[in-house]
Amino acid sequence: MASASRPSPTTGWVTLLLLTLLAGCTATGSGRALAPVLRGRTGSPPSGLVFIQGDARKGADLWLQSLDGQHQWPLTSSGKVSFYAGAAISPDGKQVAWVEFQAPGSRRGPEGGWNKLFIVNADGTARRELLDLTRQPLPEGQLMARHFRWSDDGKSIAFVLEHLASKEDPWACGRVFLYSVDVASGHLSPLPEVGLLGHVTLLDWRPAREELTLYVECALRPEEGVSYYLPPMSTLVAVLRVSDGALRTEVASEPSLSPDGTFVFLPSRPRFRSTPTVYRTAALGGPLALTLAAPLVLPYRYVGRLTWLHRSLAALVSATRWEGPGMECVGTQPQPRTLFRLNPATGALQQVRADATALNVVAISPDDTHALVGIITGMSEEPSIICGKSPAERLFLVPLEDLASELPLEELQRRGTPLTPPRAWSSTRAFFEYVGWVR
C-alpha cells in the first residue's frame, strides 16, 4: 500500500515530507546516503523517485533515482534548491517545480524563503525559470515566500507570501497574501485577501472548483464586529472560495487531505485528549462547510499518522504510542506501532499489521502497488552521548500487499528493493529528502 517545519499533505499522489530545521542540520549526511552507482546522464528511466541532496547551508540539488536504486540523474545543477521550501511534482508526474533563493553574495535566504520558481521535465529537459519575485509588484513590507502547490489540473501553481510582523519574533503572526502563477505563461495573479494571520500551508488547489484548501498555524483575523481573536498559535484547516473570498474553517492540527480533495484527516492529539477525526469537504456546488463523516477509534494514547492511496479512496494509518515531550530521551527509540487501513467514508479501521514498530510508511506509489517504507535493519554506529545507540533504518520499495501482511520483517526486506544505505533512525520525519514520484 508511493509532503514540514509543517505538515503538508499533497496534490495528486505526491507526498511531500515537511523539511524541518532538524532535517536541514543533518542534510549533508543524507545527501551522501543515496550512494548512486551511476552519476551522470545516460538516458532517463520511465519513472523514478526525486530526492533533494546536498547541504542546507551550502546548497542542494534535485536528483532522479531509478526504482531499482542503482542509477541517478541530476535534475538541477545550481546547488541552490531550498531544503525548507523544497520541490513539488505535477499531478501527472511529468514535471518538477522547485524554488531557490538567489541574491548577490548569498546562496540562500531566510529560513523557508525563496524568490525564484523553476520547472523542469521529469526527464531533465526543458529547465526554465517560471517566476522571479524580485521583478513583480508585491505588497509593501518585509515579505517571505513560503509554501507552494500545483493545481489539480497542472496548469497553475499557488503560493504563499507572508508579511513578517516582527523581526525579533520570527513566529509572530504576519499577514498572508496568496498568489497563483500560470505554468504556461508565467503570469502572476493575486488571489483574494481573506484576512489570514499566520504560517500557511497549501493543502489543495482546484481552479475549476475555485477552491483553495489551507492549513493555518497562528490565528484568524475576526470578522468585522467580532471583538475576539483566536488564541495565539491556533491551528485551522480552511476552505477558501477564490471567486468571492468566502472562508470556512475548522479547528485542526496537522491535517492530511485525500488526493481527490474530498476528505481531510485530523490526527489524534493525546495531550489534548482528542481523537482522530475524518471530515468531508464540500462537494462541487455545495456549501463550503466541513461536515463530520465519522470518528476514528485508535488504541488509547496512540497517535495516528496517515498515508493516502491514490486509485481507491482509502489510506494507511500508522498508529504509534505517544511519548510525552518531557520524557527522557523522547524520540530516540521506536515506540509500539500498529498499521491499519482506513475507509474515510465510514471511519472504519481494519488492522493490517499488528506489529509495525520497525516500519515507517513514507509514501505509496501512484498505482497503489508499492510503498516506500523505512525498515529498521539493526543498530546505528553513531551512539548518542546521553541515550546510547539508536536503531538504524533503510528506505525500501516494497509491494503493498506484502506490507499489509504478517510477513516477518526479514522476508519483507528480502522482497523489497533497498534505496538507501542504513542510517540512524529519526522518528516519523525520516527520509525528509524524498520529494515524490515521477513517471
Side-chain angles (χ1 to χ4, degrees), residues 2 15-17 19-20 22-40 42 45 47-76 79 81 83 86-87 331-334 337 356-365 370-385 387-399 402-403 407-438:
T15 304
L16 180 62
L17 298 181
L19 307 179
T20 62
L22 175 61
C25 293
T26 61
T28 304
S30 67
R32 291 195 298 264
L34 292 176
V37 174
L38 171 68
R39 283 186 181 272
T42 59
S47 62
L49 305 172
V50 176
F51 291 87
I52 296 179
Q53 296 187 62
D55 189 315
R57 294 175 295 275
K58 298 180 180 179
D61 278 303
L62 298 177
W63 287 79
L64 173 62
Q65 179 168 306
S66 60
L67 296 179
D68 60 8
Q70 298 301 306
H71 307 286
Q72 282 193 329
W73 292 261
L75 294 180
T76 69
V81 177
F83 261 99
T332 63
Q333 298 294 327
R337 176 176 293 164
T357 303
L359 304 177
N360 180 19
V361 181
V362 175
I364 297 175
S365 66
H370 288 75
L372 292 179
V373 184
I375 303 179
I376 293 177
T377 57
M379 298 301 294
S380 172
E381 297 298 323
E382 303 174 5
S384 166
I385 297 177
C387 301
K389 282 190 175 183
S390 63
E393 65 179 342
R394 191 175 190 181
L395 187 62
F396 286 81
L397 181 67
V398 302
D402 290 348
L403 177 64
L407 280 175
L409 194 64
E410 295 76 12
E411 180 65 13
L412 190 65
Q413 293 183 45
R414 189 187 69 80
R415 297 190 184 192
T417 302
L419 299 177
T420 69
R423 66 175 67 174
W425 179 86
S426 57
S427 189
T428 59
R429 298 203 184 279
F431 309 107
F432 54 83
E433 72 274 24
Y434 165 72
V435 175
W437 199 302
V438 295

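- Closest approach of I376 to L409, counting heavy atoms only: O-CD2, 3.7 Å.
- Put simply, the side chain of S380 never gets that close to the backbone of P391: no donor and acceptor are under 3.5 Å apart.
- Across V50, V435, L49, a single residue satisfies side-chain contact (heavy atoms from CB on, under 4.5 Å) together with L64, and that is V50.
- For the atom pair L419 CG and F396 CZ, the distance stands at 8.5 Å (nearest 0.5 Å).
- Residues T377 and Q413 come closest through the heavy atom pair CG2-OE1, 3.5 Å.
- For the residue pair F51 and Y434, the shortest heavy atom distance occurs at CD2-CA, 3.8 Å.
- Between R415 and E411 there is a salt bridge, since at least one side-chain N of the basic residue sits less than 4.0 Å from a carboxylate O of the acidic one.
- Interatomic distance, W425 CH2 to M379 CE, rounded to the nearest 0.5 Å: 11.0 Å.
- Of all heavy-atom pairs between T332 and S390, the closest is O-CB, 3.6 Å.
- To the nearest 0.5 Å, atoms CG (D61) and CD1 (I52) are separated by 10.0 Å.
- With rounding to the nearest 0.5 angstrom, the OG1 atom of T76 is 10.0 Å from the CD atom of Q53.
- For the atom pair CD (Q65) and NE2 (H71), the distance works out to 10.0 Å, reported to the nearest 0.5 Å.
- Taking CG of L412 as the start and CG of D402 as the end, the distance is 6.5 Å to the nearest 0.5 Å.
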Residues L397, L372; criterion side chain to side chain contact (heavy atoms under 4.5 Å, CB included); working and verdict:
CA-CA 5 Å; L397 181 67; L372 292 179; 3.8 Å; yes
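- Nearest heavy-atom pair across E393 and N360 is OE1-CB, 4.2 Å.
- For R394 (side chain) and I375 (main-chain N/O), no donor-acceptor pair under 3.5 Å exists by modelled atom type.
- The two atoms that bring L403 and A371 nearest to each other are CD2-CB, 3.9 Å, heavy atoms only.
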